[in-house]
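Structure, as structure tokens:
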Protein chains: 2
Amino acid sequence: MDRALEFIEREGAGALTVRRLGAELGVDPTAFYRHFRDKDDLVLACMDRAEQWAVDALRDRLTAGDPWQDVLRAVADESWRIAGTYPAIYASAFARTTGGPGERRMVELLLTTIAGLGLDRPSTVLFYRAFADCLLSLCGANALVDQLGPEVEAKESSAWARVYAAPSAEYPATRAHVGELLSVTDRAIYDRVIEAMIQAMEAAATASG
Amino acid sequence: MDRALEFIEREGAGALTVRRLGAELGVDPTAFYRHFRDKDDLVLACMDRAEQWAVDALRDRLTAGDPWQDVLRAVADESWRIAGTYPAIYASAFARTTGGPGERRMVELLLTTIAGLGLDRPSTVLFYRAFADCLLSLCGANALVDQLGPEVEAKESSAWARVYAAPSAEYPATRAHVGELLSVTDRAIYDRVIEAMIQAMEAAATASG
DNA sequence: ACCTGAACACCGTTCAAGT
DNA sequence: ACCTGAACACCGTTCAAGT
């Protein structure tokens, strides 16, 4: 599994196939099925390991007195980093539940942090899931595009060009914002969402406290 | 393309292959390449058509005087509906840009709505992208799981069970919220995110106006 | 202008057989 | 306990040939 992760990171893109993994390890491709039930299991195991690394990194980064907002920002930042490092894994597992130790520790960290706001239990869980699903889904969407390779990236930017070239008469708002649409970054969008979620939690905590 | 969409909706899941599409249309699979450059082009074309339907449905649903908050809620609701109807398409295209008329009209609708708050152009665009990317990514994540079929669904719930069965001593917050974690719905999470984004826009509009 | 059919270079996975 | 190798049932895509 470690070699699988290392391999994926090095070869990137669509390198994660049972056959290529076998070739990399100098072993018959079908030997894989001695160690994992199927490819899906490997992907989930890699995802869980990546989450463990994220939690470990967070433990080093955080100290007990940190405000909860900064804890959430750090989790978001670490998720972004992991998704950028292992796009192939993240792209195929971000919508899934691994049920492994990495995920359990991450759930506990987020739930502890958000429970600290003193909301009722249903609101705490709803905010936890809303926050976590935003992180995973937005990082996953970026990983999906990363993972598809340069020819798709070219296609993406030509598609945006087509959107921006829309005639002014029919699409005035689009044309009025072309400059900003072209310069906005994925990371800025991500941070905007994170801050909106934090603001919503602050508002809920104030209202209930 | 219409037949492709119809076919996908009927057969669901992993039915979208060039070969099965050929069989469905009673034609050699490779005839497909006379009409689309590759499979990716078909998927993007279907996605754009789905977006057109969404915009058409929104036109019927909305009237000129609707508050901007309700417009955004209606867009979110329509996106959820489309993603649930065509999970195969949504799952493979939600992170992509089609550059087609459906997307152009959707961009224009959202940008017009958010520009109405009177924020500066960079903030307007950042909120538009943050809102749109949340919709697409969250709906996409749900579509991905839908699309994987019942055996993966079973795996998902057994994975959750493993998370919830975490020992209380190590994972106290998780154990304290098991009931709520089990009962929260994906739609409630989605709505929580949408409301957070709307709240953030309201706060920004108030601060700037 | 459109369709066909053989072919290429891949996938994940199984199962009987080897050491 | 682990690996091998043939085989199965698929993919997307190309290209020369047909009508």
Side-chain angles (χ1 to χ4, degrees), chain A residues 1-5 7-8 10-47 86-93 95-96 98 143-145 147-156 159, chain B residues 1-5 7-8 10-47 86-93 95-96 98 143-145 147-156 159:
Chain A
M1 204 175 81
D2 287 321
R3 309 248 335 235
L5 270 167
F7 177 55
I8 293 154
R10 197 175 64 244
E11 299 291 326
L16 184 53
T17 81
V18 175
R19 291 173 131 99
R20 292 185 65 165
L21 194 57
E24 172 72 9
L25 304 183
V27 117
D28 190 276
T30 65
F32 168 81
Y33 292 91
R34 220 33 62 183
H35 306 281
F36 292 92
R37 190 145 49 81
D38 55 22
K39 196 187 156 181
D40 191 59
D41 271 16
L42 171 67
V43 167
L44 292 180
C46 289
M47 183 69 175
Y86 304 107
I89 291 298
Y90 223 91
S92 34
R96 305 289 302 282
T98 72
L144 264 169
V145 176
Q147 187 231 6
L148 290 173
E151 77 288 348
V152 170
E153 237 165 296
K155 211 165 163 179
E156 283 295 287
Chain B
M1 205 174 79
D2 287 322
R3 308 244 344 228
L5 270 167
F7 177 57
I8 294 155
R10 196 175 63 243
E11 300 292 325
L16 184 53
T17 80
V18 175
R19 290 173 132 99
R20 291 185 64 167
L21 194 58
E24 172 71 12
L25 304 183
V27 120
D28 190 276
T30 65
F32 168 81
Y33 292 91
R34 217 40 57 185
H35 307 279
F36 293 92
R37 189 145 51 79
D38 55 22
K39 196 187 155 180
D40 191 59
D41 271 16
L42 171 68
V43 168
L44 292 180
C46 290
M47 183 69 175
Y86 304 107
I89 291 298
Y90 223 92
S92 33
R96 305 288 301 282
T98 70
L144 264 169
V145 176
Q147 187 232 6
L148 290 172
E151 78 288 348
V152 170
E153 238 165 295
K155 211 166 162 180
E156 283 296 286

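The figures that follow rest on heavy atoms only: side chains count, while hydrogens, waters and symmetry mates do not.
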**Q.** Side-chain heavy atoms of Leu148(B) within contact of Asp40(A), under 4.5 Å
**A.** no

Q: Could you pull out the closest heavy-atom pair between Ala88(A) and Gln147(A), with the gap in Å?
A: CA-CG, 3.8 Å

Q: Ignoring backbone atoms, test whether Thr30(B) places a side-chain nitrogen or oxygen under 4.0 Å from the OP1 or OP2 oxygen of dT4(C).
A: no

Q) In terms of side-chain heavy atoms of Arg19(A), which of dC11(D), dG12(C), dT4(D) is nearest? A) dG12(C)

Q) Among dC11(D), dT14(C), dT4(D), which is the nearest nucleotide to the side chain of Arg20(B)? A) dC11(D)

Q. Counting side-chain heavy atoms from CB outward, which of dC11(D), dT4(C), dC3(D) is closest to His35(A)?
A. dC3(D)

Q. Rounded to whole angstrom units, what separation is found between the CG atom of Asp28(A) and the P atom of dG18(C)?
A. 15 Å

(Q) Using whole Å, what does the distance between atom P of nucleotide dG12(D) and atom CD of Glu151(A) come to? (A) 16 Å

(Q) Please report the distance, rounded to the nearest Å, between OH in Tyr33(A) and P in dC15(C). (A) 12 Å

Q | Val27(A) side chain, from C-beta outward: closest of dG12(D), dT13(C), dC3(D) | A | dC3(D)

Q: Look at Asp41(B) together with Lys155(A) and state whether they make a salt bridge at an N to O cut-off of under 4.0 Å.
A: yes

Q) CZ of Arg37(A) versus P of dT13(C): gap in Å, rounded? A) 10 Å

**Q.** Base partner of dA6(C), which must satisfy Watson-Crick or wobble distances under 3.5 Å
**A.** dT14(D)

Q | For atom CZ of Phe32(B) and atom P of dC2(C), their distance in whole Å | A | 15 Å

